[in-house]
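Some notes on the structure that comes next.
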Amino acid sequence: MKEKILETLKKYWGYTSFREFQEEAINSILEENDTLTILPTGGGKSLCFQLPALLTDGLAVVVSPLIALMKDQVDGLKESGINAECLNSSQGIKEQKLISLKIEAGVVKLLYISPERLVTDSMRALLKKIKVSFFVIDEAHCISHWGHDFRREYRELRLIKEEFPGIGVHAFTATATKEVREDIIKQLKLKDPHVYLGRVDRKNLTYRITKRVKDGMKQITAVLDKYKDEAGIIYCLKRADVEAVSARLAFKGIKNLPYHAGLPDAVRKANQDEFSKGKVNIIVATIAFGMGIDRSNIRFVIHAAMPKSVEHYQQETGRAGRDGLPSECVMLYSYADFRLLEWMLEQGGADAGGASKEKLDALFDFCQTPVCRHAFLTKYFGQEYSGESCGACDCCLGEAAEGGAEEGQGDDSARNIVDCILATDEKFGADHISNILAGEFSEGVSKWKHQELPYYGVLGSMGKGAVRGAIERMIKQGLLERGGAYRSLSVTSS
């Protein structure tokens with residue numbers, strides 16, 4: 001069988017060897033074990049199920065979350081001479097009928113469908129007429145409440161084990177913490193699954209995280225100047241920011257395209273195609289852009305604002321350097337980003353999807369605390385990190401300072417924060433305390449005459465955002481706590 005696997009690999013993909021865990025995942029599928037495979041972006045997940053589909057009798061069904069992602073995969077397979085199809089709502093009734101006839105005739109080896117389509121009676125009835133070799137759940141993190149792209153319809157995929165007993169189910173994703181991995185196994189009812197966990201660390205990526213200065217445009221263009229004529233993605237938090245950044249870059253003569261969910265479908269698809277095919281090198285986007293982007297030579301990813309979680313950050317930066325060559329990931333953040341995302345969470349809106357207060361706090365800590373970025377990300381996803389210095393992040397390169405403070409300022413700022421909270425009888429929230437310490441005159445400061453306190457403006461050199469960030473860290477460390485209807489700060493026994 002090994003010879004047949006290598007022969008198929010060479011014939012259809014042109015490779016003579018496998019990447020990490022590809023061969024193990026392929027063998028596990030051929031041996032009809034349920035599997036969960038986590039490989040980083042660019043790690044070759046698709047090959048793990050596409051190849052065994054060619055070596056087994058019947059049809060392999062691939063559940064995929066996006067029409068564009070399905071179409072790109074199917075087009076690529078067809079170009080390689082593999083009989084693959086997708087069924088989705090963008091197709092006419094005639095086309096869907098023709099594909100269904102091909103499926104019944106047994107000429108299709110790989111079928112891509114959405115989770116919504118799989119759970120329809122008609123689709124399940126069609127699949128029960130034929131031999132299904134196995135099911136694949138791509139982007140499987142979408143099934144978990146703990147994941148960063150949770151999709152409710154993915155929860156219904158548990159019916160596979162109920163209605164297609166004895167057929168293997170194989171879950172694939174690029175990013176999953178321990179709790180997400182456990183949730184995927186539970187929700188899909190995987191039976192004694194073989195789990196393959198690729199290395200999270202991407203050694204070819206250099207991470208830099210810094211406070212955004214004003215609107216960040218100077219910092220963004222500085223990165224673009226380093227990578228003239230190279231491909232890159234600029235992620236923004238809001239649609240309006242995408243439009244603004246895209247327009248200002250165009251005004252500077254920097255060719256780019258915008259991408260967000262508010263654009264007409266045809267424009268959005270055209271812009272993604274232009275970028276994917278290399279006709280334009282820079283795309284400015286919300287996180288609506290990303291899944292299935294098949295461009296390996298992306299040299300930089302810029303976050304113009306904080307993303308929603310460490311999981312989002314890992315997934316989005318993972319689109320850089322898929323060809324293995326050195327690439328850079330720059331995040332510009334501010335306390336205002338944190339507050340906006342926190343507000344979204346409090347509103348419970350869809351815009352906060354995939355985030356949680358805990359995840360947001362973890363990301364803000366990541367931004368504020370000077371630790372090796374490679375080590376932090378590796379440990380966050382439950383893996384061991386070896387080595388003292390990665391040599392490929394702002395911290396290990398000596399470019400970062402905690403919260404933007406000068407050396408030795410951390411202890412002084414913490415003491416001033418504690419003293420200010422006690423001096424105001426522990427009756428005020430973080431925003432008011434930050435205003436006092438940063439010397440920002442507000443209605444509240446005026447009402448309570450807190451500009452007369454000796455702590456007024458004592459941390460003015462840090463700026464209000466950094467003071468607020470320090471308060472949030474102290475809360476997480478258990479030095480302060482927040483409570484009551486007005487979320488007042490108090491000092492703990494610690």
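Computed from a prediction, not measured in an experiment: that's the story for all the values here.
Every residue two or more places apart in sequence or in another chain that forms a side-chain hydrogen bond (donor to acceptor under 3.5 Å, both in side chains) with N281 is listed here: R295. Applying the side-chain contact (heavy atoms from CB on, under 4.5 Å) test to A171 and every residue at least two apart in sequence or in another chain returns L36, A140, I184, L188. A search for salt bridge (Lys or Arg N to Asp or Glu O under 4.0 Å) contacts involving R373 returns D394, not counting sequence neighbours. Not counting sequence neighbours, the partners of R208 by the salt bridge (Lys or Arg N to Asp or Glu O under 4.0 Å) test are E328, E399. By the salt bridge (Lys or Arg N to Asp or Glu O under 4.0 Å) test, R248 pairs with D215, sequence neighbours left out. Judged as a side-chain contact (heavy atoms from CB on, under 4.5 Å), and not counting sequence neighbours, the contacts of P115 are V63, R151, E153, Y154, L157. For the side-chain contact (heavy atoms from CB on, under 4.5 Å) test, residues two or more places apart in sequence or in another chain that qualify with R19 are Q22. Taking the side-chain contact (heavy atoms from CB on, under 4.5 Å) definition, one finds that E426 meets it with I421, L422, S490, V491, sequence neighbours left out. Contacts of D229 classified as salt bridge (Lys or Arg N to Asp or Glu O under 4.0 Å), with partners at least two apart in sequence or in another chain: none.
Between F21 and Y196, the ring-plane angle classifies as tilted under the 30° and 60° cut-offs.
Between I436 and F428 there is no side-chain heavy-atom pair separated by less than 4.5 Å. Counting heavy atoms from C-beta outward, V245 and M217 have side chains that approach closer than 4.5 Å. Contact annotation: the side chain of L345 never approaches that of E342 to less than 4.5 Å [non-hydrogen atoms, C-beta and beyond]. Side-chain contact check for I298 versus S327: every heavy-atom pair is 4.5 Å or farther apart. Considering only heavy atoms from C-beta on, I67 stays 4.5 Å or farther from S114 through its side chain. Between I185 and V195 there is a side-chain heavy-atom pair separated by less than 4.5 Å. At least one side-chain heavy atom of K45 sits under 4.5 Å from a side-chain heavy atom of F172. In this structure, E443 and S446 have side chains that are not in contact, with every pair of non-hydrogen atoms separated by 4.5 Å or more.
Counting non-hydrogen atoms of neighbouring residues, nucleotides and ligands closer than 6.0 angstrom, the NZ atom of K161 exceeds 12 such neighbours.
When only modelled atom types and interatomic distance are considered, S144 and H141 share no side-chain donor-acceptor pair under 3.5 Å. For the residue pair T210 and Q219, no side-chain donor N or O sits within less than 3.5 Å of a side-chain acceptor on the partner.
Taking CG from L459 and CD1 from I433, the interatomic distance works out to 11.5 Å, rounded to the nearest 0.5 Å. Note that OG1 of T378 and CG of D201 are 4.0 Å apart. Values are rounded to the nearest 0.5 Å. Atom OG1 of residue T424 and atom CG of residue L489 lie 8.5 Å apart, to the nearest 0.5 angstrom. The distance from atom NZ of K359 to atom CG of L341, rounded to the nearest 0.5 Å, is 14.0 Å.
Distance alone, capped at 3.5 Å, places no donor-acceptor pair between the S334 side chain and the L332 backbone. Judged by distance alone, with hydrogens and angles left aside, the side-chain atoms of Q383 form a donor-acceptor pair with the main-chain N or O of V200 at under 3.5 Å. Checked by atom type and distance alone, the side chain of E20 pairs as donor or acceptor with a backbone atom of R199 at under 3.5 Å. Counting only distance, with no hydrogens or angles, the side chain of T492 and the backbone of L479 share a donor-acceptor pair below 3.5 Å. In this structure, N204 contributes its side chain and G321 its backbone to a donor-acceptor pair below 3.5 Å.
Using a cut-off of 4.0 Å between Lys/Arg side-chain N and Asp/Glu carboxylate O, R155 and D183 are scored as salt-bridged. Taking 4.0 Å as the cut-off between side-chain N and carboxylate O, D419 and R415 do not count as a salt-bridged pair. The pair E243-R239 does not count as a salt bridge, with every side-chain nitrogen at least 4.0 angstrom from each carboxylate oxygen. Ion pairing between a basic and an acidic side chain is recognised when a charged N comes within 4.0 Å of a carboxylate O; K464 and D431 show such pairing.
Residue D337 forms a salt bridge (Lys or Arg N to Asp or Glu O under 4.0 Å) with just one option from R468, R212, K308, and that option is R212. The one candidate from F364, F366, Y235, Y333 that meets the ring-ring contact (aromatic ring centres under 6.0 Å, His included) condition with Y313 is F366.
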Determine, step by step, whether T175 and Q315 satisfy the side-chain hydrogen bond (donor to acceptor under 3.5 Å, both in side chains) criterion, reporting the C-alpha distance in whole Å, the side-chain angles of both residues, the deciding distance to 0.1 Å, and the verdict. CA-CA 7 Å; T175 311; Q315 184 98 352; 2.8 Å; yes
Could you go through the salt bridge (Lys or Arg N to Asp or Glu O under 4.0 Å) check for D265 and K269 one step at a time? CA-CA 6 Å; D265 287 349; K269 185 183 183 306; over 6 Å; no
Apply the test side chain to side chain contact (heavy atoms under 4.5 Å, CB included) to residues I233 and F275: give CA-CA distance (whole Å), side-chain angles for both, the deciding distance (0.1 Å), then the verdict. CA-CA 10 Å; I233 303 170; F275 179 77; 4.0 Å; yes
Determine, stepwise, if the pair C48 / L39 fulfils side chain to side chain contact (heavy atoms under 4.5 Å, CB included). CA-CA 10 Å; C48 296; L39 292 177; 4.1 Å; yes
Working for side chain to side chain contact (heavy atoms under 4.5 Å, CB included), residues T206 and V330: CA-CA 8 Å; T206 296; V330 176; over 6 Å; no
If you apply the rule side chain to side chain contact (heavy atoms under 4.5 Å, CB included), what do you find for V458 with D412, and how did you get there? CA-CA 10 Å; V458 73; D412 287 341; over 6 Å; no
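C329 and T317 make their closest contact through SG-CB, 3.6 Å (heavy atoms, listed as atom of the first residue, atom of the second, distance). Residues A261 and R268 come closest through the heavy atom pair O-NH1, 3.5 Å. Taking each heavy atom of A392 and H374 in turn, the nearest pair found is O-NE2, 3.3 Å. For the pair A466 and M462, the tightest heavy-atom approach, listed with the atom from each and the gap, is CB-O, 3.4 Å. Of all the heavy atoms in L437 and C420, the pair that sits closest is CD2-CB, 3.9 Å. Between P40 and R202, the closest heavy-atom pair is CB-CD, 4.0 Å.
Pairs of residues two or more places apart, or lying in two chains, that qualify as salt bridge (Lys or Arg N to Asp or Glu O under 4.0 Å) and include a residue from residues 479-494 are E472-R482. Each side-chain hydrogen bond (donor to acceptor under 3.5 Å, both in side chains) pair with one or both residues in residues 249-258, not counting sequence neighbours, appears once here: S246-N256.
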Side-chain polar contacts of residues 449-457 - donor-acceptor pairs under 3.5 angstrom, sequence neighbours left out - could you list them?
from	atom 1	to	atom 2	distance (Å)
H450	ND1	H432	NE2	2.8
Y456	OH	G439	O	3.1
Y456	OH	F441	N	3.4

